[in-house]
Amino acid sequence: MKVTLRERLKGNSISLYLDYYHKGKRKNEFLRLYLNPNPKTKTDKEVNKKTKELAETIRAQRQVEMQNGTFGFNDIEKLKGSFTTYLVKVSEDRNTSDGNYGNWDSMIKHFKTFVPSDVSFQEVDKKFVEDFKDYLNRKAESKSKKKLSQNSKYSYFNKFKAALKQAVKDGILKTNPSEGVDGFKQGEPQREFLTLEELQKIVHVECELPELKKAFIFSALTGLRWSDIEKLKWSEIQHSNDYGHYIRFRQKKTKGAETQPISEQAVTLLGERKEPDDKIFDALNYSAWSNLKLQQWIYKAGIHKDITFHCARHTYATLQLTLGTDIYTVSKMLGHKELKTTQIYAKIIDEKKQEAANKIKLDF
């Protein structure tokens, strides 16, 4: 059982790698460490010396690990595996909602732009992690060719780090190369919403996708997320003489069981009742096309705001607080586990109050 540090000329540099030999079998692990083949200056020679010392330290560590049985030939084969393919697998395993999957999918698209060719696990070191972070911060662009928002950078990098953490759990990586690399700070979320007057406007404007319009207005009347509306069945819409109409469902995002009262108007909007196991919104789809049609519908109503489907939930929360419902009740209606999650809406109301106060101005 022997680990030898070797050199290989690769282009204009010398690549350092480890040669593992055990019982007639040989494996290689490239260290992504390089030497200058023709060091001319004192600085060049010093850099080469430090690089070789680092490589030798790794070699000695690997020798001890192999002798202790904590690192072997199977580990080398795992490190040669495709990290890009693993990212896709992790994203599929974590597909708990359309929004969550969309974030994973976007992160992977940016990752493939950052490194178009395949990349193995052994190439993903701390420097690689730092370079990907720098790419998200400086070069990555959204579909509209704009720099990524602070929250997009925060979300994508966190998902990338989550995949590395999972690789350690799965026994592919011995250590997490993202440890010690600070993530992005989360930006103040932009909670766009419609006023009551704007909501009334879109009710009377036709949408190219009627099912989308109905679902959006239902969300604005109930506060339900897209993921919960999309899977909603008629059996979950219930009624009692004491409580009126309510929905009994399990949130797709939080997995929490909810019993939520809804208005008579929200029920009427759904139309004729069908079989218990039938989906209420059976023609509802999540796509860039539906998002475009949603925005066109909003513009058609004369409202020039960037509205997504989730803004219907923001609209519900904001209108409830504006119309006097206490924040604790609104928090429960939204299915929030913590009150602080709901407090962002209260901040919006305070801003609107301040805006209203400043509208009255006199000339003295």
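Each residue takes its place number in the sequence, starting with 1.
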Practice prompt. Describe, in one word, how the ring planes of F114 and F128 are oriented to each other, choosing from parallel (under 30°), tilted (30 to 60°) and perpendicular (over 60°).
Written response: perpendicular

Without placing hydrogens or testing angles, list every side-chain donor-acceptor pair under 3.5 Å for residues 160-167, not counting sequence neighbours.
residue	atom	partner	partner atom	Å
K161	NZ	V181	O	3.2
Q166	OE1	R94	NH2	3.0
Q166	NE2	D170	OD1	3.1

Going by atom type alone, with no hydrogens or angles, which donor-acceptor pairs under 3.5 Å involve a side-chain atom of residues 204-223 and a protein atom two or more places apart or on another chain?
residue	atom	partner	partner atom	Å
H204	NE2	Q200	NE2	3.1
E208	OE1	K293	NZ	3.0
E211	OE2	D282	N	3.4
K213	NZ	V203	O	2.9
K213	NZ	V205	O	2.8
S219	OG	L224	O	2.7
T222	OG1	F218	O	2.7
T222	OG1	L224	N	3.4

Discussion item. Per the salt bridge (charged side-chain N to carboxylate O under 4.0 Å, His left out) rule, what does the pair list look like for residues 316-328, sequence neighbours excluded?
Written reply: none

Worksheet item: Salt-bridged, E230 to R225, with N to O below 4.0 Å?
Response: no

Fill in: Min side-chain heavy-atom separation E123-S120 under 4.5 Å
yes

Worksheet item: Can you list every salt bridge (charged side-chain N to carboxylate O under 4.0 Å, His left out) pair that touches residues 235-248, not counting sequence neighbours?
Response: none

Worksheet item: Would a line drawn from the ring center of H239 to the ring center of Y246 be shorter than 6.0 Å?
Response: no

Worksheet entry | Under 4.5 Å side-chain linkage, directly or through intermediates, the cluster mates of F30 | Y17

Worksheet entry | Geometric class of the F309/W226 ring pair [parallel <30°, tilted 30-60°, perpendicular >60°] | perpendicular

Discussion item. Rounded to the nearest 0.5 Å, what separates atom CD in Q122 from atom CG in L18?
Written reply: 9.5 Å

Worksheet item: For residues 127-137, which residue pairs qualify under side-chain hydrogen bond (donor to acceptor under 3.5 Å, both in side chains), counting only residues two or more places apart or in two chains?
Response: K127-D131, D134-R138, N137-K153

Practice prompt. Indicate yes or no: at least one non-hydrogen side-chain atom of E141 is less than 4.5 angstrom from one of K146.
Written response: no

Worksheet item: So among F157, F132, Y154, which one has a ring-ring contact (aromatic ring centres under 6.0 Å, His included) with F184?
Response: F157

Worksheet entry | Check against salt bridge (Lys or Arg N to Asp or Glu O under 4.0 Å), E7 and K52 | CA-CA 10 Å; E7 302 178 3; K52 288 198 74 169; 3.2 Å; yes

